[in-house]
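Residue indices begin at 1 and follow the sequence shown. This is a predicted model, so every value here is computed, not measured.
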Amino acid sequence: ASQYFGIKIVRVPVNPKTFKADVGAMKKAITSNTVLIGASTPCFGQGCFDDVGELGAIADDLGIPMHVDCCLGSVLVPLLNEAGYPTPPLDFR
């Protein structure tokens, strides 16, 4: 979609040990041209959860939309919680 709309994708590094998005690097990469902040819950390959709450707060403070990709998370996270495995909050609680 970014190619279609002529939007440049800015990729930021992940933490090499946790594979989570680097929140500080994401915040530094934001400019007046930023149209979206993205996060994954969980990241498909490593099963880690990006810091959705912290990224959401940044997005909210700056008035930038945020997308949380939950291709597996939307199915698995509620089941994990019901099975007694704590997960970070991923909704508007």
According to a 4.5 Å side-chain heavy-atom criterion applied to Ile, Leu, Val, Met, Phe, Trp and Tyr, with indirect links allowed, do M66 and L62 form part of one hydrophobic cluster? yes
For F49 against T41, the heavy-atom pair lying closest together: CD2-CB, 3.8 Å
Evaluate D22 against N15 for side-chain contact (heavy atoms from CB on, under 4.5 Å), listing each step before the verdict. CA-CA 6 Å; D22 182 331; N15 179 303; 5.9 Å; no
To the nearest 0.5 Å, atom CD of Q46 lies from atom OG of S40 at 10.0 Å
Side-chain heavy atoms of T18 within contact of C48, under 4.5 Å: no
Using every non-hydrogen atom in the two residues, find where V10 and A29 come nearest and quote the distance to one decimal. CG1-CB, 4.0 Å
I need the minimum non-hydrogen distance between T34 and T31, along with the two atoms involved. OG1-N, 2.8 Å
State plainly whether one hydrophobic cluster holds both V52 and V12, where clusters connect Ile, Leu, Val, Met, Phe, Trp and Tyr through side-chain heavy atoms under 4.5 angstrom apart. yes
Please determine whether the number of non-hydrogen atoms from other residues, nucleotides or ligands lying under 6.0 Å from atom NZ of K20 exceeds 12. yes
Y4 reachable from I9 in the ILVMFWY side-chain graph, under 4.5 Å edges: no
Would you say M26 ends up clustered with V68 if hydrophobic residues are merged whenever their side chains have heavy atoms under 4.5 Å apart, either directly or through other cluster members? yes
Verdict with supporting geometry, I58 and I37, side-chain contact (heavy atoms from CB on, under 4.5 Å): CA-CA 9 Å; I58 292 168; I37 293 174; 4.3 Å; yes
Single-linkage hydrophobic cluster I7~L36, side-chain heavy atoms < 4.5 angstrom: yes
